[in-house]
Asks: 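Have a look at the structure that comes next, please.
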Amino acid sequence: MSWKETYQSWLKRDDLEPGLKEELNDLEGQDSKLEEAFYAPMEFGTAGMRGVMGPGINRMNIYTVRQATEGLANFMDELDTKTKKRGVAISFDSRYHSKEFAHEAAHVLGAHHIPSFVFDDMRPTPELSYTVRHLKTYAGIMITASHNPKQYNGYKIYGPDGGQMPPKESDKITEYIRKVTDIFDVPVAKEHELRQNGMETLIGEGVDQAYLNEVKQITINPDLISEYGADMKLIYTPLHGTGKVLGNRALQNAGFSDFTIVPEQAIADPEFITTPFPNPEFAQTFDLAIKLGKKQKADLLVATDPDADRLGAAVRQPDGEYQLLTGNQMAALMLNYILTARQENGTLPDNAVAVKSIVSSELATKIAEAHGVEMVNVLTGFKFIADQIQSYETTKAHTFVFGFEESYGYLIKPFVRDKDAIQGIVMLAEIAAYYRKQGETLYDGLQDLFKTYGYYAEKTISKDFPGVDGKAQMSALMTKFREEKPAKFADQPVVALEDFEKQLTTYSDGTSKKIALPTSNVLKYQLKDGTWIAIRPSGTEPKIKFYIGTSADSNKAAQQKVADFEKAIDHFIEA
């Protein structure tokens with residue numbers, strides 16, 4: 001069926017949800033937008049699905065949410081009765097239609113006699129991960145588009161361990177989703193009946209308290225917080241999202257009482273009116289926090305994205321200005337403090353291990369090695385860190401102490417199996433108190449790390465490929481890199497190419513070695529000077545990401561190298 005035929009089938013439906021019907025009528029005559037909305041079903045991968053909201057099979061709406069949930073339900077119908085009856089935990093963020101989508105998912109599950117446990121209001125993604133483990137449900141659903149603009153929403157499925165559903169199960173669910181040929185014919189149960197017969201249960205404060213009790217345990221040195229953290233001035237912004245539900249309570253429980261939440265951004269606003277791109281890695285998201293921070297002379301500013309799995313921060317400088325930290329820099333500070341403090345109080349396990357993604361900073365590796373701790377690299381996606389944690393708990397070979405991704409995601413304690421900005425807020429505040437005791441700031445602490453291990457610099461560059469042809473353009477660019485095999489970047493020879501799709505490392509002398517990681521469409525170039533460059537298509541957005549990681553004997557030199565390599569990448573793409 002062509003996109004026009006699919007569009008006409010929607011247009012002719014008398015029972016189409018009224019809001020979608022109105023939006024569809026408004027799109028009349030806008031063929032490019034209609035084609036993008038109807039040319040193909042939404043992609044559902046291991047990270048779930050994410051896209052613009054609106055009418056169409058390639059849009060987030062109640063029908064595509066029902067379709068995805070029907071796939072999960074059909075998959076769960078294959079399970080034994082006891083496992084199936086464990087049910088599904090469901091949470092959602094502050095976006096338009098998030099609560100509606102969450103309850104639509106519960107209605108589809110109910111039609112399959114699968115219990116659901118739905119939060120009474122928005123809650124963070126990490127709490128959903130925790131809830132799956134806490135309630136021992138078989139799966140979890142999180143309705144969120146994370147840090148994307150207001151037009152987007154998304155749907156993520158979590159497995160029994162609280163991590164995102166593993167590829168094997170996710171692929172099976174995707175097969176079932178694709179078998180739903182008529183998304184208007186997905187059976188749904190009535191909410192009042194599900195509530196009455198116990199197939200849909202509302203959850204809230206009880207789970208909040210259980211989660212916050214776990215968060216309290218991440219503090220390493222309570223005395224330090226009592227002495228130097230209690231009156232340390234903090235500014236926190238949840239960027240109109242779920243972080244406000246738990247972030248302030250977590251800080252209070254840890255002993256940080258002198259903090260202020262940015263009032264304009266404490267409002268759960270699906271318009272994200274003060275920050276159209278609510279991503280804490282963007283400087284603009286800190287504008288209001290910096291304004292308030294200067295007024296209060298705050299030591300530390302922290303921001304969580306709308307579903308509170310990513311954490312950004314800025315620290316006050318002697319001149320009163322604020323310096324933003326990168327995700328890699330915050331991870332280095334966290335890891336260094338965790339290892340140092342736990343060694344000092346005798347709680348660092350002999351078999352301690354840290355885990356990071358293959359596109360994250362090698363500064364963390366140097367820090368881990370200096371403390372006698374192994375650093376394990378995994379593919380991008382926090383589910384792979386969760387897989388490692390599960391393996392360690394099973395084999396007892398290692399004890400997990402920290403995990404991170406460069407994209408502002410950190411995990412301190414594994415009672416959650418996804419990145420957790422609520423844990424991150426508390427830990428970063430404790431580290432700020434640690435440096436305050438020494439008369440320094442977090443930024444000073446970062447400079448100390450650079451002086452010890454070298455000046456590391458990283459950058460992530462995103463190339464967008466929107467529209468109907470985006471997927472083909474992305475594929476063509478990845479093919480170009482594979483087939484033309486660049487031998488150097490910015491005059492630095494490539495000494496090894498790691499192709500994770502082929503699971504093979506090829507060295508410049510012609511030798512090769514197998515890569516012991518799952519298959520993934522990622523290329524990583526190792527250069528002669530120690531720099532690395534990685535390329536991977538996003539799993540949830542129409543973009544290819546380029547990652548650069550390098551080091552030098554000064555910050556200026558390291559930043560210049562990043563700029564040179566970025567130009568070299570652009571030159572190769574355009575050639």
Asks: List the atom of D305, the atom of S146, and the distance in Å for their closest heavy-atom pair.
Replies: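 Where D305 meets S146 most closely, the heavy atoms are OD2-OG, 3.1 Å.
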
Asks: Taking all non-hydrogen atoms of both residues, which atom of V401 and which atom of A352 are closest, and how far apart?
Replies: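 Heavy-atom minimum between the residues: CG1-CB, 3.8 Å.
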
Asks: In Å and rounded to the nearest 0.5 Å, what is the CG to OG1 distance from L301 to T237?
Replies: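 It comes to 10.0 Å.
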
Asks: Are R316 and D299 ion-paired here, with the side-chain N under 4.0 Å from a carboxylate O?
Replies: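 No, this pair does not count.
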
Asks: Run the ring-centre check on Y434 versus Y337 and record whether the distance is less than 6.0 Å.
Replies: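 Y434 vs Y337: aromatic centres under 6.0 Å.
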
Asks: As an exercise, state the distance from CD of Q67 to CE of M42, rounded to the nearest 0.5 Å.
Replies: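 Between atom CD of Q67 and atom CE of M42 there are 10.0 Å.
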
Asks: Output yes when K233 and D258 qualify as a salt bridge under the 4.0 Å nitrogen-oxygen rule, no when they do not.
Replies: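 Yes, this pair counts.
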
Asks: Does atom NE2 (H112) have a neighbourhood of more than 12 heavy atoms from anything else shown, all under 6.0 Å?
Replies: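 Yes.
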
Asks: Looking only at the side chains, is there a donor atom on one of Y155 and T69 sitting less than 3.5 Å from an acceptor on the other?
Replies: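 Yes, because at least one side-chain N or O of Y155 sits under 3.5 Å from a partner of the opposite role on T69.
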
Asks: Could you measure the distance from the CZ atom of F119 to the CG atom of L202? Nearest 0.5 Å is fine.
Replies: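 Between atom CZ of F119 and atom CG of L202 there are 11.0 Å.
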
Asks: With a 4.5 Å limit on heavy-atom distance, are the side chains of H113 and M199 in contact?
Replies: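 Result yes, sub-4.5 Å side-chain heavy-atom pair found.
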
Asks: Does S361 form a side-chain hydrogen bond (donor to acceptor under 3.5 Å, both in side chains) with E458? I'd like the steps, not just the answer.
Replies: CA-CA 7 Å; S361 175; E458 298 83 23; 2.8 Å; yes

Asks: Restricting to side chain to side chain contact (heavy atoms under 4.5 Å, CB included), what partner residues turn up for A432, sequence neighbours left out?
Replies: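 Expected list: M232, L300, L442.
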
Asks: Do L246 and V215 have side chains that get closer than 4.5 Å, going by heavy atoms?
Replies: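 When only atoms from C-beta onward are counted, V215 and L246 do not touch, as no gap falls below 4.5 Å.
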
Asks: Please enumerate all residues that pass salt bridge (charged side-chain N to carboxylate O under 4.0 Å, His left out) together with E17, with sequence neighbours excluded.
Replies: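 Residues passing salt bridge (charged side-chain N to carboxylate O under 4.0 Å, His left out) with E17: none at all.
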
Asks: Please report the closest heavy-atom contact between K545 and Y547, naming both atoms and the distance.
Replies: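 For K545 and Y547, the tightest heavy-atom pair comes out as CD-OH, 3.3 Å.
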
Asks: Can you name the salt bridge (charged side-chain N to carboxylate O under 4.0 Å, His left out) partners of K419, sequence neighbours left out?
Replies: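 K419 satisfies salt bridge (charged side-chain N to carboxylate O under 4.0 Å, His left out) with D309 only.
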
Asks: Within the 3.5 Å criterion, strictly below it, is a donor on N153 or S98 matched to an acceptor on the partner's side chain?
Replies: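 Side-chain D/A pair, N153 to S98: present.
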
Asks: Find the distance between CG (L20) and OH (Y63) and round it off to the nearest 0.5 Å.
Replies: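 Rounded to the nearest 0.5 Å, the CG-OH separation comes to 6.0 Å.
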
Asks: Please check: side-chain N/O of N336 versus main-chain N/O of A332, any donor-acceptor pairing under 3.5 Å?
Replies: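 Checking the backbone N and O of A332 against the side chain of N336, no donor-acceptor pair under 3.5 Å is found.
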
Asks: Using a 3.5 Å distance criterion without hydrogens, assess whether the side chain of K21 forms a donor-acceptor pair with backbone atoms of L16.
Replies: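 Checked: no pair found.
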
Asks: Any donor and acceptor pair, going by atom type alone, linking the side chain of T304 with main-chain N or O of L311 inside 3.5 Å?
Replies: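 No, because the side chain of T304 does not come within donor-acceptor range (under 3.5 Å) of the backbone of L311.
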
Asks: I'd like to know if the side chain of T219 and the backbone of N221 have a donor-acceptor N/O pair within less than 3.5 Å.
Replies: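 Looks like no, no N/O pair under 3.5 Å.
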
Asks: Give a yes or no on whether the backbone of G293 and the side-chain of Y322 come within a donor-acceptor separation of less than 3.5 Å.
Replies: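 Yes, because the side chain of Y322 sits within donor-acceptor range (under 3.5 Å) of the backbone of G293.
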
Asks: Other residues, nucleotides and ligands only: do more than 12 of their heavy atoms fall within 6.0 Å of CD on Q196?
Replies: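 12 or below, so no.
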
Asks: Just to verify, what does R178 make a salt bridge (charged side-chain N to carboxylate O under 4.0 Å, His left out) with, not counting sequence neighbours?
Replies: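 Once residues adjacent in sequence are excluded, R178 has no partner under the salt bridge (charged side-chain N to carboxylate O under 4.0 Å, His left out) criterion.
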
Asks: Test side-chain contact (heavy atoms from CB on, under 4.5 Å) on M375 and L335; report intermediate values, then the result.
Replies: CA-CA 11 Å; M375 176 65 77; L335 180 61; 3.9 Å; yes

Asks: Going by salt bridge (charged side-chain N to carboxylate O under 4.0 Å, His left out), name the residues that satisfy it together with D77, two or more places apart in sequence or in a different chain.
Replies: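 If we apply the salt bridge (charged side-chain N to carboxylate O under 4.0 Å, His left out) test to D77, skipping adjacent residues, the hits are K84.
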
Asks: Strictly distance-based, threshold 3.5 Å: is any side-chain N or O of E281 a donor or acceptor partner for the main-chain N or O of S407?
Replies: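 No; judged by distance alone, with no hydrogens or angles, the pair does not exist.
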
Asks: Sequence neighbours left out, cut at 3.5 Å: what donor-acceptor pairs do the side chains of residues 183-194 make with other protein atoms?
Replies:
{"residue": "E191", "atom": "OE1", "partner": "H103", "partner atom": "ND1", "Å": "3.2"}
{"residue": "E191", "atom": "OE1", "partner": "H107", "partner atom": "NE2", "Å": "2.7"}
{"residue": "E191", "atom": "OE2", "partner": "H103", "partner atom": "ND1", "Å": "3.1"}

Asks: Below 4.5 Å, heavy atoms only, C-beta onward: do D420 and F382 meet side chain to side chain?
Replies: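 No, side chains not in contact.
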
Asks: Can you check side-chain contact (heavy atoms from CB on, under 4.5 Å) on I290 and K294, steps first, answer last?
Replies: CA-CA 6 Å; I290 288 173; K294 287 181 177 180; 3.8 Å; yes

Asks: Between A313 and F286, what is the shortest heavy-atom contact and its length?
Replies: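 Looks like N-CZ, 3.5 Å.
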
Asks: In a table with atom names and distances, give each donor-acceptor pair under 3.5 Å that connects a side chain of residues 268-277 to protein atoms at least two apart or in another chain.
Replies:
{"residue": "D269", "atom": "OD1", "partner": "E271", "partner atom": "N", "Å": "2.9"}
{"residue": "E271", "atom": "OE1", "partner": "K150", "partner atom": "NZ", "Å": "2.6"}
{"residue": "E271", "atom": "OE2", "partner": "Y96", "partner atom": "OH", "Å": "2.8"}
{"residue": "T274", "atom": "OG1", "partner": "H240", "partner atom": "NE2", "Å": "2.8"}
{"residue": "T274", "atom": "OG1", "partner": "Q265", "partner atom": "NE2", "Å": "2.9"}
{"residue": "T275", "atom": "OG1", "partner": "F277", "partner atom": "O", "Å": "3.4"}
{"residue": "T275", "atom": "OG1", "partner": "Q284", "partner atom": "OE1", "Å": "3.0"}

Asks: For N377, give me all partners under side chain to side chain contact (heavy atoms under 4.5 Å, CB included), at least two apart in sequence or on another chain.
Replies: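 In terms of side chain to side chain contact (heavy atoms under 4.5 Å, CB included), with neighbours along the sequence ignored, N377 is linked to K356, I358, E362.
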
Asks: Going from CZ on F75 to OG1 on T174, what distance comes out if it is rounded to the nearest 0.5 angstrom?
Replies: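 So the gap between those two atoms works out to 10.5 Å.
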
Asks: Is any side-chain heavy atom of R436 closer than 4.5 Å to a side-chain heavy atom of D231?
Replies: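 A side-chain contact exists here, since the closest heavy-atom pair is under 4.5 Å.
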
Asks: Which distance, rounded to the nearest 0.5 Å, do you find between the CD1 of I218 and the CE of M427?
Replies: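 Taking CD1 in I218 and CE in M427, the distance rounds to 4.5 Å.
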
Asks: Could you please spell out the steps behind the side-chain contact (heavy atoms from CB on, under 4.5 Å) verdict for I62 and F101?
Replies: CA-CA 6 Å; I62 62 170; F101 292 166; 3.9 Å; yes

Asks: Is R417 salt-bridged to E393, cutoff N-O under 4.0 Å?
Replies: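 Yes, charged N to carboxylate O under 4.0 Å.
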
Asks: Taking only residues at least two apart or on different chains, which pairs with a member in residues 117-130 satisfy side-chain hydrogen bond (donor to acceptor under 3.5 Å, both in side chains)?
Replies: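 Listed by first then second residue: D120-R123, R123-D208, T125-D307, Y130-H134.
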
Asks: Between T131 and T137, is the side-chain contact (heavy atoms from CB on, under 4.5 Å) condition met? List the steps.
Replies: CA-CA 8 Å; T131 303; T137 64; 6.0 Å; no

Asks: Could you tell me which residues satisfy side chain to side chain contact (heavy atoms under 4.5 Å, CB included) with T81, sequence neighbours excluded, listed by chain and number?
Replies: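 Checked T81 against side chain to side chain contact (heavy atoms under 4.5 Å, CB included); matches are K85.
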
Asks: Donor-acceptor pair, distance only, cut-off 3.5 Å: does the side chain of Y211 make one with the backbone of P126?
Replies: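 No; judged by distance alone, with no hydrogens or angles, the pair does not exist.
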
Asks: Contact between F400 and I385 at the side-chain level, heavy atoms closer than 4.5 Å - yes or no?
Replies: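 Yes - at least one pair of side-chain heavy atoms lies under 4.5 Å apart.
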
Asks: Hey, could you give me each pair passing salt bridge (Lys or Arg N to Asp or Glu O under 4.0 Å) that has a residue in residues 156-170? Not counting sequence neighbours.
Replies: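 Non-adjacent pairs meeting salt bridge (Lys or Arg N to Asp or Glu O under 4.0 Å): zero.
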
Asks: Okay, side chain of R342, backbone of T347: is any donor-acceptor separation there less than 3.5 Å?
Replies: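 A pair under 3.5 Å: yes.
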
Asks: Counting distance only, does the side-chain N/O of E100 pair as donor-acceptor with the main-chain N or O of H97 below 3.5 Å?
Replies: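 No: the side chain of E100 does not pair with the backbone of H97.
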
Asks: If the condition is side chain to side chain contact (heavy atoms under 4.5 Å, CB included), which residues does A145 pass it with, not counting sequence neighbours?
Replies: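 Counting only residues at least two positions away or on another chain, A145 forms a side chain to side chain contact (heavy atoms under 4.5 Å, CB included) with R50, R95, N148, Y152.
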
Asks: Sub-3.5 Å donor-acceptor pair from the side chain of T64 to the main-chain atoms of R59, do we have one?
Replies: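 Looks like yes, one N/O pair under 3.5 Å.
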
